[in-house]
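A quick write-up on the structure given underneath.
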4 protein chains.
Amino acid sequence: MSYLNNDTCPKYRISKFQDNLLERFQTIRSRTETVCKPLPIEDYVVQPQDFVSPPKWHLGHTTWFFETMILLPYFKGYKVFNANYNYIFNSYYETVGVRVIRTDRGNLSRPSVEDIYLYRKYINEAMLQFFQKEMSKDVSVLFELGLQHEQQHQELLMTDIKYILGNNPLFPPYIENKNSEIAPAKTSKWISVKEGVYEIGFKGDGFCFDNELNRHKVYLSAYQIASELVTNQEYLAFINDGGYEKFRNWHAEGWDWIQNQKAKAPMYWYFIEKEWHNYTLNGLQPIDWNAPVTHINFYEAFAFASWAKKRLPTEAEWEVANDQFNWGKRWEWTQSAYLPYPGFTTADDATGEYNGKFMVNQMVLRGASVVTAEHHSRPTYRNFFQTNLQWQFTGIRLAQ
Amino acid sequence: MSYLNNDTCPKYRISKFQDNLLERFQTIRSRTETVCKPLPIEDYVVQPQDFVSPPKWHLGHTTWFFETMILLPYFKGYKVFNANYNYIFNSYYETVGVRVIRTDRGNLSRPSVEDIYLYRKYINEAMLQFFQKEMSKDVSVLFELGLQHEQQHQELLMTDIKYILGNNPLFPPYIENKNSEIAPAKTSKWISVKEGVYEIGFKGDGFCFDNELNRHKVYLSAYQIASELVTNQEYLAFINDGGYEKFRNWHAEGWDWIQNQKAKAPMYWYFIEKEWHNYTLNGLQPIDWNAPVTHINFYEAFAFASWAKKRLPTEAEWEVANDQFNWGKRWEWTQSAYLPYPGFTTADDATGEYNGKFMVNQMVLRGASVVTAEHHSRPTYRNFFQTNLQWQFTGIRLAQ
Amino acid sequence: MSYLNNDTCPKYRISKFQDNLLERFQTIRSRTETVCKPLPIEDYVVQPQDFVSPPKWHLGHTTWFFETMILLPYFKGYKVFNANYNYIFNSYYETVGVRVIRTDRGNLSRPSVEDIYLYRKYINEAMLQFFQKEMSKDVSVLFELGLQHEQQHQELLMTDIKYILGNNPLFPPYIENKNSEIAPAKTSKWISVKEGVYEIGFKGDGFCFDNELNRHKVYLSAYQIASELVTNQEYLAFINDGGYEKFRNWHAEGWDWIQNQKAKAPMYWYFIEKEWHNYTLNGLQPIDWNAPVTHINFYEAFAFASWAKKRLPTEAEWEVANDQFNWGKRWEWTQSAYLPYPGFTTADDATGEYNGKFMVNQMVLRGASVVTAEHHSRPTYRNFFQTNLQWQFTGIRLAQ
Amino acid sequence: MSYLNNDTCPKYRISKFQDNLLERFQTIRSRTETVCKPLPIEDYVVQPQDFVSPPKWHLGHTTWFFETMILLPYFKGYKVFNANYNYIFNSYYETVGVRVIRTDRGNLSRPSVEDIYLYRKYINEAMLQFFQKEMSKDVSVLFELGLQHEQQHQELLMTDIKYILGNNPLFPPYIENKNSEIAPAKTSKWISVKEGVYEIGFKGDGFCFDNELNRHKVYLSAYQIASELVTNQEYLAFINDGGYEKFRNWHAEGWDWIQNQKAKAPMYWYFIEKEWHNYTLNGLQPIDWNAPVTHINFYEAFAFASWAKKRLPTEAEWEVANDQFNWGKRWEWTQSAYLPYPGFTTADDATGEYNGKFMVNQMVLRGASVVTAEHHSRPTYRNFFQTNLQWQFTGIRLAQ
């Protein structure tokens, strides 16, 4: 199924069913537009990096999903909005011959933003009609999947907007927030977990993705995990100790990344007039030193941990201890590679076709971030990204 | 001087002075905005190729020219519109340290189009005030140069707009023109010129660029030059004879270009449902076979001429015979490399600093095109582009 | 320590000590030269790919190791053979300023092969003198490490020689072996292992690398592992079923690799006159269908397993069951990412400095290959390579 | 014809006939081997840059020429030496399907150097037999062409050998010449030429290439040309005046070349222990300041001339004045692009097929160099190279 096949397109499959679909449909669809509301039209169009998609593409692609997965196959008499849109908003390139090349998304001035909003309206209305008439159980599953899919794109939309604005020399804020607070200082404590056989993976009734299955046993040696995330202050100590200049704490690949990118600090950090600033959704600001460090990639998370004589937790360690610390403001890098759980199998139908395809050369992140849609994540949720990417809201929790 | 240093930025220098500056200022500045009028905001933003600039950049850059070259140095008390704009709209990168990388132009969603129009208004008003008060002869020269510069960008603006729209899968027209006419069939005749010593290069009172100087003598062997440009019909015969598949008529570099680009026809030609179409400013249309072929690069012009057992004229041959044929609808590739005329010298001041810097690995084009600003070209005008570029309105006139 | 820092340079650290160092030194050093004996001088020089090193570089680099790690710091009065050789044969580039860029190795015609053999002789004699006089326990460890290092390079030397000859259009054999036998047909059986807590990792007295430590407990669900490796015949069925043409069984990254490389079969397979051949050390030969498939990368191993509705074993599954099947003729891809074992720590001295640096974006291989030095591998040995590399002798053992 | 189609393969066509073919065949063929005599086998194999060919390729390719152009089509009963050699030694890739990619030449360890010398011997003997029996006038032309071709490769062979040795960190000399002399100081004078119509191009009976034809009239303004080439001393003044750091004197393309290459001096110049050295065929030496500067590309020649407030001569200016100065030790960059002479036509047979294909984006050099084969050049000879290449023996003569 095509929505699965793109590295910034969410990559999961529904396994269980949820209620209140229509209400949630309206809320979630509307929220995507709310996210875009502060943007002038120009911001919808650009794609400054391959891994970023233009906001207007997100708006169209999440809509295309409902049209292609539900309306076209299941809604009798449905009339396609514009036959070219399949080509333009389809991120699935493996089995569809003619396709916009991904890096070209930022070159497409048309369809206009106005046309895409009309498209959204048209599909929303068709979905409403369809929902009221003839939705079966099978389609409900796709419906739920479409909602999860759109929530995941909402997060990407926010991180892409931040990238677009935060790499513009004018550093425009996303929204001016006069009352932004300074984070209070907190002291991290070590939470101890005993060795033993534990169970991880999804259990219960709600929705989960298939990469959270099967629930299975793991043997963990005794370990400790930090109650708090690493702060900007702590990360600055690493920088000031020559963190980006000494090979010793880095993976060989990470060191190459530093050389190629001339990296010296997390993404969005700027040293201006002898003071560190970072770009936030609120514009360029002096760094809030007590706040958790963010926009670091796996190489940086690993190097920091090595420098601190600690390590990152495995995803099993994180999951087993997750109810003993606060999480949810930053995706947390683990030292686990993104691999199938024991007993992981792929369904025979289309939705199961490609579940394993991202399970190589990516690392697992656990938690959620400030821009994750509400109720979207959970303790067993497995997010994953390549080791060089910084543009998500990512953080570091240490273990030992 | 910085406006000179960019391969899609006009590259010339004024040598003589013209009248009616203020009136021409208003007309020319206004025309730039008229060119952009049909565009929705999205079209102002994108940069699908390195050699294309976003329309909003052209709007800003031509304005920045007047601010930086005239208002800042000569208008006492002038207050800069926005200090960041120098960084954003400056195409001159050699001696200015901090600069937007050229390929990044399409990533800059801000300043917004609205802000750029405000910038234009602000500068137009300041120029008006300045003009009425204190313009000296020296500044008049820069004034004229700014107008020539803006006219050259008007042409680039049109060719860039065509590229942006003509490479969009929706093929939106720039303006719908219901009454477009089909070109009538014409028969080309051979115009004969006797051997002898001729003079070429600018003479007279008006404005010219320094690459048109010195006027000098050349010895020409007897030659013939075609009265008409090569038509689409004639070019199709070349294509159908395997023109793009046989090495024989191509430069080695041209053949490499074919392989890399998988070129099979001029830019904007599309073979759809067994018929050749091309993208025009009026949208995708069946090809008008009697019209001159256009959007071919030097390699293609040369290969066609070789295939036809003819050759391209030299720029001297073209200039000597130019009053015996009609020209002005297409820039015409010559077989002359862009090199200095005898006695060409560079002025000591800033405007003369970089005049020779493009005189390598480019070929001369003579004439003018349908999107050249009125009164901008003349028989001695020397346009020039790299041999692989197709996005200008270029054509072929044969010689023998 | 510098020998650790190169992706085709062995990457391990000694933890325990072994006997008979001098005798083993002579045997192992001599074997490296024996490996090169069949080569004309031209074969010592070339580097057809970045991941391949010229044989003469291997000869020099393994020698440089003993000179730099032992003779220079510990052998009083030792006189360096040639000061430039440190620059030429040092694969350690992170902390040494001036260095031959890796991809340049194939451009260095000098030092000549003859000079490198003189260098080996000089170092062997110096090591012999040193050994007889003053070797301490500390140096013994480095001595052992040098031998392990040279053994690992012997394997790389063989795989690099195969690459050099197998990509030459003349397909010269490494040695003609008239009596090569055809592999007999074998039937693979499923070996069953019960669920439970198992221990993996090195235990005992001999030598091991630190990535084999700590020995630790793992919980394994019940599984089955194949008694035999996948054969060429079985792999051909995958190819013939459109294995390289259908996206379904591949990782997204693997699919990109296919498109970029136009991959259609394992490395060294050539379809000649309607029959499959492969290049072997014995020259170009019709494929031996009962033999295990080899020279496949991780993507191919994974895709084959998916196509067969099976999976690769984890490294723990492989290790726990390793005494129930034969292994040692092919490195076997596992589905385990190369990551630190629980309790893995890095030593404070130089040899421990960089142990973790390869533990990202590589997969573990278990076993040994036909070109691994005798007694070099063991059941707990962890080999690892990037997922796109095919030039090692790699194979597939299925699990379920 | 295939020998024409490679940028380091000579690119000309014979137009007239010469005597003493057999004697010259033996002398010239033998000289190629003499050039290679000082090299150990390793030096024959490597290709450090795309524009360099391994010496063993030159040995094979010049031999392949005689086999393919003469023996195979004209010598009845001739038996090909090795059918694979056509593939390996053919630089003509446009119409031959299967071919070694150019950049791969340095990866081919086989055929061995010994085998290539056997090939040369075999072809020499076959040519001798053929010559004595049945050579017609037609074949004589090809014979002459093969000799000119081999002479041109002798020059490339020397420049390639210099590149191979001069980029090796051991800087091995090609031959040790104890008695190398220091160039005496000379003062350049200005030679004045009056304006008028002159004739240039080949005339007379001997051999010439078709790019020297037709002899034709040119009109030259009065000019002066220097009697001596620019010296290392003079070029050093340019460097010391910030020549490579100031944009002002460079073409825009030249400036890009500086940035990409981090160029700071001519090729082979090394600043070692506070003194300038350059690599010569005699090894690394302190620079001989009175000697002409060499190994500079067109960008550098142009920038130097601009800096000196002079210019390069056109090729017509050079040719008209050539009998008034000494030349022959350095190819001299002109400011003429390599373009067809008036009346240039291509022959209908194979040898004329591709004559124009290099006539784009290259500049003409006049003269000859210290490594040009004796009697190979003449006053009308037009050599040409791309503007970024430095590895030929190139120099600067100023004009004004």
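Since the model is a prediction, treat every value here as computed from it, not as a measurement. Order of the sequence lines fixes the chain letters, A, B, ..., with proteins taken first and strands second; residue numbering starts at 1 for each chain.
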What part of B:Pro54 gets closer than 4.5 Å to chain A, counting heavy atoms only: side chain, backbone, both or neither?
neither
What residues, two or more places apart in sequence or in another chain, satisfy side chain to side chain donor-acceptor pair (under 3.5 Å) together with A:Gln154?
A:Arg31, A:Thr32
Any donor-acceptor N/O pair, A:Thr394 side chain to A:Gln390 backbone, under 3.5 Å:
no
Would you say the side chains of B:Glu67 and B:Tyr119 form a donor-acceptor pair under 3.5 Å?
yes
Could you list which of residues 271-282 of chain B have a heavy atom closer than 4.5 Å to any heavy atom of chain A, in residue-number order?
none
Choice from B:Asp43, B:Ile41, B:Val45, B:Asn84 maximising heavy atom contacts with chain A below 4.5 Å
B:Asp43
Checking B:Gln47 side chain against B:Val52 main chain: does a donor-acceptor pair fall under 3.5 Å?
yes
Residues two or more places apart in sequence or in another chain: which of them pass side-chain contact (heavy atoms from CB on, under 4.5 Å) with B:Pro55?
B:Leu39, B:Tyr44, B:Leu157, B:Ile161, B:Ile164
Can you tell me which residue pairs pass the salt bridge (Lys or Arg N to Asp or Glu O under 4.0 Å) test with a partner in residues 111-124 of chain B, sequence neighbours excluded?
B:Glu33-B:Arg120, B:Arg120-B:Glu150, B:Lys121-B:Glu125
Testing the basics here: between A:Pro73 and A:Thr68, what is the closest heavy-atom pair and its distance to 0.1 Å?
CD-O, 3.2 Å
